[in-house]
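This structure is a prediction, so every number in the text was calculated from the model and none was measured. First the proteins, then the strands, lettered A, B, ... as listed; each starts at 1.
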Amino acid sequence: MTTILVVDDEERIRSFYYRLLASEGYRVEEAENADEANDILKSEPVDLVLLDFRMPGANGGDLCEVIKLFHQRVKVIVASVYPVTEQKKRVPGAEEYYDKSRGISELFSKIKSVLLGPELEP
Amino acid sequence: MKLRSVRFKVSVLYTSVLGAILLVYSLMLYFNLGYSLSRAIDSDLRKKVLEIEETTNLYSQAFDTTEEKDVVSVRRALHINEMADREAFQWPSVRKIDQSWRYRIQALGIKHDYVVVYSSSGEVLETSQNVDEELLPILKALFHTTLKGKTTIRDFDSKEYRLRIITHPLYRGANIRYIFQIATPTEAHQLLLKTKMRLILISIPVFLLFTSFLGSFFVLRVFDPVMEITRAARQISYRDMGKRVELKHADDEIKSLVDAFNDMIWRLEKSFRHIDDFSSNVAHELKTPLAIIRGELEVSLRKERTAGEYQKSIGIAIEEVQRVLKTINDLLLLAKLDYRTEVFAFEPVELNEFMQEIYEQSKLIAAGKKIEIGIKAAEQPLTINANKLHLRRLFFNLIDNAIKFTPREGKVEIALERRHKEARVSVRDTGVGIPAEDLPRIFERFFHVDRTNEAPSTNGLGLSIVQSIAKIHNGVVNVESEPGKGTVFTVSLPLL
């Protein structure tokens, strides 16, 4: 089963994505900050990280770098309410970027395309 | 050079001031020179006429004083130079006068002067040899328009002659015996004055022209940094605030201008960044609830759900709508508190009583979390000038925060006291506390302290509002905190 780790400091957002992704059949893990996320990444098999970068403590950018260094197999989708262009500026190196205000079908299609991997893209 | 440039104005100003000074100074020198020259001529004329008079008298004494011999004396005094030695008297006393008079004539320079001697009735008795047919009528005419009784000096100007003339009577007892008239040519002096005037009229414009060029050059140098600042100012824009004016060698005044300018750019840059951050924060704070609402609604539409699931989604959506509204209202309130303080009405408020009311209302909220809340009033009444609605909001925010960040069964205590001319209200909690590094920033808009899981999320405006309300009451808010032990907010408000 595909496991998605939702990293966000806002409990209400985590809970929304938890319900959303779980109902689509994904296994969902939650982390409140970068440290917690890192712990989960070390102990659990995670396929994809849905990452908010505006968090207290170590920010999403740092976490993304750590993932790219130590967990190369793990895909990252940066998800925040900032416009995608700004997200790319702040957290370079993620597979995909998602503006949270864009609706859930865009999120699902991005998750699917990232999980399928670049080799299958035309 | 443009007419409205400072350079032009400065040039015109100092050139005209300099011109005026030079002109006044030169004219002063010129007229002073003219005056001194006439004084010198006058004193010469007086000396000459007195010496002729004296010599005439000496001759008269030597010859004896009959009227006829007096004329001889005058003639001798006037013509001694033309007389050959053989005409000289062998008379020793006269010879002695002759010798000294010859010498004096040389010294006085009478040779070039025109001398006429008149009788008391105005007839010409004798003239010096150089007085010709042409000049004599002029001198006679002048003589007849002159007062006879005393010594007078006047000028005569015509094409041929420029003269200064002295008329001097010679008395014998109470009666006028002769009248001497000596006219001295003043062409040399006039020429000198004319040359001086020409020099003045030519040199001043040349001088002014030169200094105005020189001055213009200096002004240009002084304004060089101003040009530099102008160039820099043109290059600075919202996109590129990094530009600063750099001057290698600037004078103190210009340097302070440059510093002030750079400082202003720095402040602008800071406030631009602040606006940038602020709007980004506003967007984040408003878009997050909207994203959740949209998500919930889309999830509900995606497929058939149970009634419970719909209720949950609608509940969350309403909660998020309230959150958006609260953020918008808070922002509007902050704008009003910051920029439109005149809209708030103030009235005297007794704080002990006022806080008692707030305390009663807070008890209900605290009870939900089993938090013990207490109040300690001050011993004396504390009356301040306040806007009740917003002051209530200030303390509700503080107490609400205290309850939010205090774990179950903790304590919140409100205390009032009078300190000098201030009323102090403190709200103390036994909550999670605020890390020292966050303390200076907690009043910033949208600043979030690291939250624990238990504490509900806020929009980060509550404490900004607290501070802004304190400010419109001329008060301040201080905070002390120890992580893990608790936090004290103290509001100090001036007493009436």
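More than 12 heavy atoms of other shown residues, nucleotides or ligands fall within 6.0 angstrom of atom CZ in B:F447. No more than 12 heavy atoms of other residues, nucleotides or ligands shown are found within 6.0 angstrom of NZ on B:K336. Environment of CZ in A:R102: sparse, with no more than 12 heavy atoms of neighbouring residues, nucleotides or ligands closer than 6.0 Å. No more than 12 heavy atoms of other residues, nucleotides or ligands lie within 6.0 Å of CZ in B:R428, so this atom counts as exposed by the packing criterion. Counting heavy atoms of neighbouring residues, nucleotides and ligands inside a 6.0 Å radius, atom CD of A:E86 exceeds 12 of them. For CD of A:Q72, the number of neighbouring non-hydrogen atoms (other residues, nucleotides, ligands) closer than 6.0 Å is greater than 12.
Salt bridge B:R302/A:E24: present, at least one basic N to carboxylate O contact under 4.0 Å. Between A:R12 and B:E320, at least one side-chain nitrogen of the basic residue sits less than 4.0 Å from a carboxylate oxygen of the acidic one, meeting the salt-bridge criterion.
The contact list for residues 289-296 of chain B toward chain A, using heavy atoms and a distance under 4.5 Å, reads B:P289, B:A291, B:I292, B:R294, B:G295, B:E296 by residue number. Residues of residues 39-49 of chain A lying within less than 4.5 angstrom of chain B, judged on heavy atoms, are absent.
Contact record, B:H284 with A:V81: CD2-CG2, 3.2 Å, taken as the closest heavy-atom pair.
In this structure, the side chains of B:E298 and A:L20 stay at 4.5 Å or more apart for every pair of heavy atoms.
In this structure, OG in A:S23 is found 8.0 Å from CD in B:E309, a value given to the nearest 0.5 Å.
Contacts with chain A were tallied for B:I316, B:V299, B:L286; B:V299 has the most, counting heavy-atom pairs under 4.5 Å. Of all the listed residues (B:K303, B:E319, B:K287), the one sharing the greatest number of non-hydrogen pairs under 4.5 Å with chain A is B:K287.
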